[in-house]
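Written out below as structure tokens is the structure these notes cover.
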Amino acid sequence: MVVTPLLPALLDPPDRVALRFGDTALTYSELAGAAGALAAALAGRQRVAVHATPTLHTAVGVTAALLAGVPAVPLNPKLGERELGHVLGDSAPEVVLAAPGVELPGPLAALPRVDVDIAGTGAVPRDEPPPSAPGLVIYTSGTTGPPKGAVLSRGALASNVDALAEAWEWTADDLLAHALPLFHVHGLVLGVVGPLRRGGTLHHPGTLDARALAAAGASMVFGVPTQYHRLADQLESDPDSGAAIGRARLLVSGSAALTAVDHARLHKATGLAVRERYGLTETLILTAARAGDEPEPGTVGRPLRDTEVRLTPLPGEQGDGLGAVEVRGPGLFDGYLNRPDATAAAHTSDGWFSTGDIGRWTPSGALALVGRKATDLIKSGGYKIGAGEIENALLEHAGVAEAAVIGVPDDDLGERVVAFVVPAGSAPGERELIDHVAALLAPHKRPREVRFTDSLPRNDMGKVVKARLPR
Ligand code: MCA
Ligand code: AMP
């Protein structure tokens with residue numbers, strides 16, 4: 001069977017920059033050489049971990065794994081020891097890809113290491129696995145327990161970025177700029193696989209700074225709302241950068257809701273209306289505001305080609321148009337690694353994936369998200385954070401008798417993590433508890449604030465009622 005390549009531009013390299021990180025760039029020929037050489041070193045492996053710093057090395061490493069047909073597990077380089085131990089135990093990679101000279105944390109350092117040589121020269125393999133083969137395993141938080149690895153097939157990656165290309169009229173001529181982390185769908189699938197599959201260019205300036213972005217000359221920009229919020233702040237005193245950024249075709253926001261205030265501020269500064277798109281790690285992107293549509297702030301656009309989205313009325317709330325967002329389509333994951341129980345629980349009895357989000361349709365056919373079913377999921381800076389994971393970490397501290405973690409509205413982060421703690425005996429210091437969580441989990445999961453209390457509000461069954469905690 002002839003398999004259509006996932007990254008055709010690497011087989012017939014155009015004369016163009018493929019990847020630029022800061023001041024270092026690789027053309028398509030150079031990328032084909034470096035990733036081809038690395039792919040040869042990976043051939044035949046079952047799974048490979050990638051120490052996913054926001055660098056050219058990570059993009060080359062993941063590209064090589066995709067060329068070699070070896071599923072890649074991109075790892076947040078700042079994972080705490082508990083989380084890293086879990087992810088490595090669960091995904092069992094045979095080797096780790098890392099930039100030369102970079103020191104790896106304990107359990108990762110124990111794996112056989114392959115350094116990413118961005119100057120390598122090798123041939124791109126001509127054979128690749130079928131679209132049904134796994135391409136990436138991306139870890140995502142749930143409400144309780146440790147993160148789960150979502151297995152994304154090569155076909156899901158290809159069809160999703162192709163559907164987005166159609167929605168955004170995305171071509172090889174586009175220069176995409178973003179400063180996203182490379183261990184999540186947003187930065188890695190949309191932000192790296194996306195431009196490489198088109199044969200276009202990615203520029204990663206490190207941060208979504210107004211001047212750096214203005215200098216990039218991007219035609220498309222991707223970011224999370226926290227980045228756009230900070231950009232809007234900068235542009236208030238930098239109209240020249242606003243005008244330069246406004247020469248882009250599209251500013252796209254996702255991973256969390258962009259506020260109407262930031263929509264308006266960015267429109268004023270750049271002349272562009274930000275387009276939102278919506279998705280999950282498990283589903284890839286589901287809906288998007290099209291390039292040709294006038295975006296409606298507060299909505300996340302229409303379903304992508306071949307993606308079905310339905311709203312199932314919530315129990316006891318029929319008739320108001322609100323419903324649980326459930327989906328089917330070619331971008332959906334194959335399941336959570338080693339977790340058939342969790343995979344089954346995430347689907348309805350008739351096989352649709354339950355996103356956990358609540359939405360309604362607008363008269364124009366766009367989806368508006370109005371909330372989430374679980375109060376135990378927090379979105380901070382665009383990162384999904386399970387409250388249970390932080391509560392468990394807090395409870396491991398001798399000074400904590402009870403803990404409840406919530407997301408509190410925050411202008412910059414969307415939500416910020418706040419922990420309510422009933423101390424065991426004399427209260428430990430707030431800093432001590434924050435540092436305790438930071439040692440076990442990724443830094444973005446640590447509470448920004450700890451509030452000590454005598455008791456937590458509980459219902460008759462003894463369950464904590466988070467809605468009664470002061471926000
Ligand atoms: C945090 N810090 C703290 C505390 N809390 N330090 C002390 N005490 C605390 N309580 C640390 C942080 O860990 C960080 O440290 C530093 O303070 C600054 O924090 P902050 O300003 O919040 O973060 P930032 O480093 O400036 O990053 C903001 C960010 C980031 C760039 C918006 O949150 C980000 O990259 N978000 C993107 C998330 C994303 O890609 N989501 C996609 C998944 P240190 O510097 O040491 O770390 S969703 C997805 O893929 C789906 C499909 C979708 O729809 O896209
Ligand atoms: P993750 O599991 O980290 O991929 O996060 C997926 C969640 O991010 C979704 O279930 C939504 O709650 C949220 N999300 C993604 N994009 C948007 C958006 N444009 N607006 C609001 N929420 C979003």
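All ligand and atom numbering here is 1-based and tracks the order in the structure. Heavy-atom basis, side chains included; hydrogens, waters and symmetry copies ignored. Numbers here are sequence positions counted from 1.
In terms of polar-atom proximity, defined here as any N/O pair under 3.5 Å, Lys384 does make such a contact with ligand 2.
Distances shorter than 4.0 angstrom occur between a heavy atom of Lys379 and an atom of ligand 1. Distances from ligand 1 to the non-hydrogen atoms of Gly187 include no value under 4.0 Å. By the 4.0 Å heavy-atom criterion, Val185 is excluded from the residues contacting ligand 2. Put simply, part of Arg230 is less than 4.0 Å from ligand 1, judged by heavy atoms. At a 4.0 Å cut-off, at least one heavy atom of Arg277 sits close enough to ligand 1 to count as contact. Distances from ligand 1 to the non-hydrogen atoms of His178 include no value under 4.0 Å.
Shortest contact from atom 17 (C) of ligand 2 to any protein heavy atom: Ala256 N, 3.5 Å. For atom 5 (O) of ligand 2, the nearest protein heavy atom (residue, atom name, distance) is Lys379 NZ, 2.9 Å. Nearest non-hydrogen protein atom to atom 19 (N) of ligand 2 is Arg277 O, 2.8 Å. For atom 16 (N) of ligand 2, the nearest non-hydrogen atom of the protein is Ser255 N, 3.1 Å. For atom 6 (C) of ligand 2, the nearest non-hydrogen atom of the protein is Gly279 O, 3.4 Å. Taking atom 1 (P) of ligand 2 as the reference point, the nearest protein heavy-atom neighbour is Thr281 OG1, 3.5 Å. Scanning the protein heavy atoms around atom 11 (C) of ligand 1, the nearest turns out to be Arg446 NH2, 4.0 Å.
For atom 7 (C) of ligand 1, the nearest protein heavy atom is under 4.0 Å away. For atom 25 (O) of ligand 1, the nearest protein heavy atom is 4.0 Å or more away. Contact annotation for atom 52 (C) of ligand 1: protein present (non-hydrogen atoms, distance under 4.0 Å). Distances from atom 16 (C) of ligand 1 to the protein include no heavy-atom value under 4.0 Å.
Remark: Ile245 CD1 to Leu231 CG distance equals 5.0 Å, nearest 0.5 Å.
The main-chain N or O of Val421 is never found under 3.5 Å from a side-chain atom of Arg451 such that the two would form a donor-acceptor pair. In this structure, the side chain of Arg275 engages the main chain of Ala291 through a donor-acceptor pair within 3.5 Å. Side chain of Arg249 to backbone of Glu169: a donor-acceptor contact under 3.5 angstrom is found.
Side-chain contact annotation: Asp350 with Thr348, donor-acceptor N/O pair under 3.5 Å present. For Ser141 and Glu389, the side-chain atoms include at least one donor-acceptor pair closer than 3.5 Å. Side chains of Tyr139 and Glu83: a donor-acceptor N/O pair is absent below 3.5 angstrom, by distance only. Looking at Glu432 and His397, their side chains do bring a donor and an acceptor atom within 3.5 Å of each other.
Nearest to atom 37 (C) of ligand 1 by heavy atom, out of Gly382, Pro443, Gly381, is Gly381. Taking all heavy atoms of Phe222, Phe183, Tyr383 into account, the minimum distance to atom 34 (C) of ligand 1 is reached by Tyr383. When the heavy atoms of Ile138, Asp357, Ile358, Leu280 are ranked by distance to atom 12 (O) of ligand 2, first place goes to Asp357.
Counting all heavy atoms, side chain and backbone alike, Phe183 lies closest to Leu75 at CB-C, 4.0 Å. Here the closest non-hydrogen pair linking Phe222 and Leu180 is CB-CD1, 4.1 Å. Heavy-atom minimum distance, Ala177 versus Leu213: CB-CD1, 3.7 Å.
When heavy-atom distances to ligand 1 are checked against a 4.0 Å cut-off, His229 has no atom that comes that close, whether in backbone or side chain. Residue contacts with ligand 1, taken as heavy atom pairs separated by less than 4.0 Å, involve Lys78 solely via side-chain atoms from C-beta onward. Proximity of Leu280 to ligand 1, defined as any heavy-atom pair under 4.0 Å, is confined to the backbone N, CA, C and O atoms. Neither the backbone nor the side chain of Ala179 comes within 4.0 Å of ligand 1, counting heavy atoms alone.
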What's the verdict on side chain to side chain contact (heavy atoms under 4.5 Å, CB included) for His178 and His203, showing C-alpha distance, side-chain angles and the deciding distance? CA-CA 7 Å; His178 72 77; His203 184 155; over 6 Å; no
